[in-house]
Q: 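Could you have a look at this structure, given as structure tokens, before my questions?
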There are 2 protein chains.
Amino acid sequence: MASERPRKRKPARVQEDEGGEGSRSVRRAMDILSLMLARGGPVTVAQIIAELGIPKSTAYELVRTLGEADYIAPSSRGAGLFIGRRLYELGMAYRNNVDLLRDGAHVVEELRDETGETVQLSVLDNQLMMVVLKEEGRGHLRIISNVGTRVPVNWAAAGRLLVSDLPDEDLTRLLKATIRQSPTGKAIMNVAKLIAQIRKARRIGYATELNEANAHAGCIAAPIVDASGHCIAAISVVVPEQRLTKPHRDRLLASVTAAAERLSRRLG
Amino acid sequence: MASERPRKRKPARVQEDEGGEGSRSVRRAMDILSLMLARGGPVTVAQIIAELGIPKSTAYELVRTLGEADYIAPSSRGAGLFIGRRLYELGMAYRNNVDLLRDGAHVVEELRDETGETVQLSVLDNQLMMVVLKEEGRGHLRIISNVGTRVPVNWAAAGRLLVSDLPDEDLTRLLKATIRQSPTGKAIMNVAKLIAQIRKARRIGYATELNEANAHAGCIAAPIVDASGHCIAAISVVVPEQRLTKPHRDRLLASVTAAAERLSRRLG
DNA sequence: GACCACGGTCTAGAATATCGGAAATGATCA
DNA sequence: TGATCATTTCCGATATTCTAGACCGTGGTC
């Protein structure tokens, strides 16, 4: 029978979507979780079907499978589904096992206690700056970024440090592809100017910024470097504008660079 | 309508495995993540194949799919794969969206700052007590449990509060099924005695414990209740034995119950 | 250099998840 | 109460994913 086997690649499904081999259902399951992450709140099955183009029956099947494992769960308030507790557990396991986060948590806390200001630890993720740890200062300053969110590197002092190890060419490409104007309209958009700032930041070992990412707030950041001297992360304090007087600023800078050095040393 | 209705049940599937319908690959992908969680460290593909009984090609396929989405990633130190950054992001989204964790984080921190001791917030998860938030005290006391780990309810003061709303019958069943002796050998194993303690804790509004879960440490816990008065979580301080003098103990108890009340109120 | 053990990829046939549609359930409202 | 719409489950046919096992490269050992 098999004599007639049309050997041709058979993408009968014109569903060309994007490049993807591998398990379809697994990717779709992950897409569902990503959708919830993007929305930042509960999502209904109907939305999943509409947004992701997953057939009804399949969507319900996936939702059930994910639900049984507590990867998703009915939202506590209101209708809809959201990320479930199991993913929190997995996330915490990641945190406990990654040197940067495990050791970083202590240093971030110390720096917060020492300065009383909001402290963040950020890394470069997929060409963007991503906040991976945050401790609120006493001032309850409103910060745009939460743990897990990503912003273009030109929005923040820490972002500049994170890309400071790239050669000119790669750096230019990254900047051209990713920089955006920030909500405050104060972010630098000129690539040449940005590169100059980035190189300078690396040379002097810290970076500062005022009103670029957050209105009425400034930021002081210092690089975390690995054994080979590469910048793998940046630690930063976010400070209300009016508190950024010269003496306080100097004190903060000293604290931040000291904390960065402490963490760099701990990471070996 | 449809005159020809083949209504017959057709469970021809010899689906032997264990209870499970739904997408196989999705469940297997989740099993891989669970394995990593259980191991608490890097896992090799060979281990995945051996432990989960997944065929080689399938295992590699799944690993690739998960890897492309950064759900898993090569472990930083040494060989093997571990939970990836994407899961950290998802976990943080859960944290930011769940009232208990979002509001709880503040209260836990406050209580830590106020007392200087290690503070934990726990919930009941699948009949076990699970720590969902933790802030280290200044004393660097070694605690057995980390965020995400589960222990039997008879190991800790908080555990007793968490099950204190169950009717006698369910409570007995739960205890019989889950209690274990703790590493220190001091956990109460007698069900009747445990129930008496649990009922008392609920009546007086707090629970205490000494050396049961951690050697040379005691614990004071208070319940977080929802609008209907049900205990949905418990907040607790863990204190080195020698610091548990009467006056300090009283002060701690007052702080803990106050924090619990604050959080309960915030949750509505 | 020959051999083996191992981590990983590839392929064609077998088994299963997927899909459209229909039926059931449940919520809303006149 | 019944009609209407939205949500969820069920069903069989079949295309897709999974599986077993061959295959490949690499590194270690004698």
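Because the structure is a prediction, the values reported are computed rather than measured. Numbered from 1 within each chain, the chains take letters A, B, ... in sequence-line order. Atom set for the values below is all heavy atoms of this structure, side chains included, hydrogens, waters and symmetry mates excluded.
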Q: Find out whether Arg64(B) and Glu68(B) are in side-chain contact, i.e. whether some heavy atom of one side chain is under 4.5 Å from a heavy atom of the other.
A: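 In short, these two side chains touch, coming nearer than 4.5 Å.
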
Q: With a 4.0 Å cut-off on N to O distance, would you call Glu61(A) and Arg28(A) a salt bridge?
A: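 Salt bridge: no.
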
Q: Check nucleotides 3-9 of chain C for protein N or O atoms closer than 3.5 Å to its own N or O atoms and list the pairs.
A:
residue, atom, partner, partner atom, Å
dG8(C), OP2, Tyr60(B), OH, 3.2
dG8(C), O6, Lys56(B), NZ, 2.7

Q: Starting at atom CG of Leu62(A), determine the distance to atom C1' of dT17(D), rounded to an integer number of angstrom.
A: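 Checked: the CG to C1' distance equals 14 Å.
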
Q: Is Arg173(B) paired with Asp170(B) through a side-chain N to carboxylate O contact shorter than 4.0 Å?
A: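 Between Arg173(B) and Asp170(B) there is a salt bridge, with a charged N closer than 4.0 Å to a carboxylate O.
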
Q: Could you tell me whether the phosphate oxygens of dT19(D), OP1 or OP2, come under 4.0 Å of any side-chain nitrogen or oxygen in Thr58(B)?
A: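 The answer is yes; a side-chain N or O of Thr58(B) sits under 4.0 Å from OP1 or OP2.
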
Q: State which residues pass side-chain hydrogen bond (donor to acceptor under 3.5 Å, both in side chains) with Ser182(B); sequence neighbours excluded, sorted by chain then number.
A: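 Per chain and number, Ser182(B) pairs via side-chain hydrogen bond (donor to acceptor under 3.5 Å, both in side chains) with Thr184(B).
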
Q: Name the closest nucleotide to the Arg24(B) side chain, picking from dT16(C), dG20(C), dT17(D).
A: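 The answer is dT16(C), which lies nearest to the side chain.
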
Q: Nearest whole angstrom, please: distance from the C1' of dT16(D) to the CD1 of Ile54(A).
A: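 Roughly 16 Å, once rounded to whole Å.
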
Q: Holding to ring-ring contact (aromatic ring centres under 6.0 Å, His included), I want the full list of residues that pass it with Tyr71(B), two or more places apart in sequence or in another chain.
A: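 Result, ring-ring contact (aromatic ring centres under 6.0 Å, His included) vs Tyr71(B): none returned.
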
Q: Nearest whole Å is fine: how far is dT11(C) P from Glu61(B) CD?
A: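 Value for this atom pair: 13 Å.
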
Q: dT18(C) P sits how many Å from Asp31(A) CG, rounded?
A: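 In whole Å, dT18(C) P and Asp31(A) CG are 13 Å from each other.
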
Q: Measure from CG on Leu52(A) to P on dT18(C) and round the result to the nearest Å.
A: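 Distance check: Leu52(A) CG to dT18(C) P gives 14 Å.
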
Q: It should be established whether Arg28(A) places a side-chain nitrogen or oxygen under 4.0 Å from OP1 or OP2 of nucleotide dT16(D).
A: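 The answer is no; no side-chain N or O of Arg28(A) sits under 4.0 Å from OP1 or OP2.
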
Q: Please report the distance, rounded to the nearest Å, between CD1 in Ile49(B) and P in dA20(D).
A: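 Distance check: Ile49(B) CD1 to dA20(D) P gives 11 Å.
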
Q: Any ion pair linking Asp165(A) and Arg202(A) (charged N to carboxylate O, less than 4.0 Å)?
A: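 Answer for the salt bridge query: yes.
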
